[in-house]
Chemist: 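To start, I am sharing the structure in question, which I have written as structure tokens.
Predicted model only: the values in this text are computed from it and were never measured.
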Amino acid sequence: LIGPNNNQSIGNAVDSGRLTAGGSSPAALNDLYVFNRANTLTINSRIVDNGANAVRAVFTASGGVVSLTNTNNSYTGGTVVNGGTLNLVASTAGQVIPAASTPANGLIINGATVTMGSASNTLSQQIAASNIVTLTGGSALNLFGDNTLAGLVFNNNGGGTPTVTSFGTVTSTGLGSAGVLTIGSSGVVATSSNVGTTNVIVGRVDFGTSLNTIDVAPIIAQGVEVNPLQAALAIQGIVGTTGGINKIGNGILQVNAQAHYSGPTNVT
């Protein structure tokens, strides 16, 4: 689907129509490609699998915006955003980005921005909690309110600062409430080949009730560790974690703000 570079909608109301891709044979993962280069393309229709074949939604909105409104989306192949902005603006509670059958495919952001909510759409947890979110290059994930994700993967290979913000939505009265991002059992993994920026989690983060893992690799460029004293991952406030944190990997983890949790801290 190629947007007309004007403000346009697919489906004149939320949940009108169905979108899918591929055929019934052979059994395979099918990609539904959506391009939009300017203005906003709003998708109200429900994105679904093609029978027994999974569909992956691939959005490219360089220079423009794609907005998803439908909490009945049921595709299971995962979501990819390649450039531009993807807005999640549901008006009713539910997951706009549904659970992927393989959590690692849940949401992959490549040099793009995914933002949850707006001044009039302030619902949290529009991304299914079982998904792992991967950020590559200068990507950003801006959340609203309290959210849970299975895990985060950072790959800082240039082009900006990979950033997850737990309360990044701007409302008519300023920043949204200081929500908490709870990380599931997949923990956080951070790699980097870039000394210009640092992977960062901004806001409040909780690592749950079981011992969770933060895996930070050294900053590696062309097989060589560069700037071994620079952090490859920086985290702001850690709150409410009862299970504790197991820090692994040979890279540097930097804690940027006061932490408040009762579990152990293991530096392995």
Side-chain angles (χ1 to χ4, degrees), residues 1-37 39-61 64-110 112-134 141-145 147-150 169:
L1 296 172
I2 301 176
N5 297 334
N6 298 314
N7 291 327
Q8 185 65 270
S9 296
I10 298 177
N12 61 2
V14 174
D15 208 30
S16 57
R18 305 290 182 264
L19 296 176
T20 193
S24 60
S25 179
L29 176 66
N30 301 296
D31 287 323
L32 171 64
Y33 293 102
V34 178
F35 297 89
N36 190 54
R37 294 194 303 171
N39 295 302
T40 299
L41 175 64
T42 300
I43 300 179
N44 292 316
S45 299
R46 187 187 306 188
I47 303 174
V48 300
D49 284 342
N50 191 331
N53 290 345
V55 165
R56 175 171 52 195
V58 182
F59 301 100
T60 302
V65 175
V66 173
S67 289
L68 299 183
T69 66
N70 200 328
T71 56
N72 293 308
N73 291 329
S74 58
Y75 61 95
T76 60
T79 304
V80 180
V81 186
N82 295 321
T85 298
L86 178 68
N87 285 338
L88 312 179
V89 288
S91 57
T92 58
Q95 285 72 59
V96 175
I97 294 181
S101 55
T102 301
N105 297 335
L107 175 58
I108 299 172
I109 310 172
N110 297 316
T113 297
V114 175
T115 295
M116 180 183 297
S118 66
S120 59
N121 294 277
T122 55
L123 297 173
S124 60
Q125 204 61 67
Q126 294 187 52
I127 301 171
S130 60
N131 286 333
I132 295 172
V133 177
T134 300
L141 173 64
N142 300 315
L143 301 172
F144 184 93
N147 293 272
T148 297
L149 295 171
T169 298

Chemist: Could you grab the distance from atom CD1 of Ile43 to atom CG of Leu32, nearest 0.5 Å is fine?
Modeler: 7.0 Å
Chemist: When rounded to the nearest 0.5 angstrom, what distance separates CG in Asn39 from CG in Asn7?
Modeler: 4.5 Å
Chemist: Does Thr42 have any side chain to side chain contact (heavy atoms under 4.5 Å, CB included) partners at least two apart in sequence or in another chain, and if so, which?
Modeler: Ser9, Thr40, Asn44, Ser67, Thr69
Chemist: Restricting to pairs with a member in residues 21-33, which pass salt bridge (charged side-chain N to carboxylate O under 4.0 Å, His left out), not counting sequence neighbours?
Modeler: Asp31-Arg56
Chemist: Is the backbone N or O of Leu149 less than 3.5 Å from a side-chain atom of Asn131, with the two atoms forming a donor-acceptor pair by type?
Modeler: no
Chemist: Atom CD1 in Ile109, atom CG in Leu141: separation rounded to 0.5 Å?
Modeler: 5.0 Å
Chemist: List for me each residue that meets side-chain hydrogen bond (donor to acceptor under 3.5 Å, both in side chains) alongside Asp49, sequence neighbours excluded, and say none if there are none.
Modeler: Thr76
Chemist: I want to check something: taking the side chain as every heavy atom from C-beta on, are Ile127 and Asn147 in contact at a cut-off of under 4.5 Å?
Modeler: no
Chemist: Would you confirm whether Asn36, through its side chain, and Val65, through its main-chain N or O, come within 3.5 Å as a donor-acceptor pair?
Modeler: yes
Chemist: Of all the heavy-atom pairs spanning Ala128 and Pro98, show the shortest one and how long it is.
Modeler: CB-C, 3.7 Å
Chemist: Kindly say whether Gly22 contributes a backbone atom to a donor-acceptor pair with the side chain of Asn50 at under 3.5 angstrom?
Modeler: yes
Chemist: With sequence neighbours left out, what residues match Arg18 under salt bridge (charged side-chain N to carboxylate O under 4.0 Å, His left out)?
Modeler: Asp15
Chemist: Considering only distance and modelled atom types, tabulate donor-acceptor pairs under 3.5 Å from the side chains of residues 79-88, sequence neighbours left out.
Modeler:
unit_1: Thr79; atom_1: OG1; unit_2: Tyr75; atom_2: OH; d: 2.7
unit_1: Asn82; atom_1: OD1; unit_2: Asn110; atom_2: ND2; d: 2.8

Chemist: What's the shortest heavy-atom distance between Ser16 and Ser45, and which atoms?
Modeler: O-OG, 2.6 Å
Chemist: Using side chain to side chain contact (heavy atoms under 4.5 Å, CB included) as the criterion, list what pairs up with Ala129, not counting sequence neighbours.
Modeler: Gln125, Thr148
Chemist: Measure the shortest side-chain to side-chain distance between Val114 and Val133 over non-hydrogen atoms and say whether it is less than 4.5 angstrom.
Modeler: no
Chemist: Taking only residues two or more places apart in sequence, or in another chain, which ones meet Ile2 in a side chain to side chain contact (heavy atoms under 4.5 Å, CB included)?
Modeler: Phe35
Chemist: Verify, without hydrogens or angle tests, whether Thr71 (side chain) and Gln95 (backbone) share a donor-acceptor contact under 3.5 angstrom.
Modeler: no
Chemist: Checking Asn70 side chain against Leu68 main chain: does a donor-acceptor pair fall under 3.5 Å?
Modeler: no
Chemist: Between Ile10 and Leu41, is the side chain to side chain contact (heavy atoms under 4.5 Å, CB included) condition met? List the steps.
Modeler: CA-CA 8 Å; Ile10 298 177; Leu41 175 64; 4.2 Å; yes
Chemist: Ignoring hydrogens and angles, tell me if any N or O in the side chain of Asn73 forms a donor-acceptor pair with the backbone of Val96 under 3.5 Å.
Modeler: yes
Chemist: Taking all non-hydrogen atoms of both residues into account, name the closest pair between Val55 and Val48 and its distance.
Modeler: CG2-O, 3.6 Å
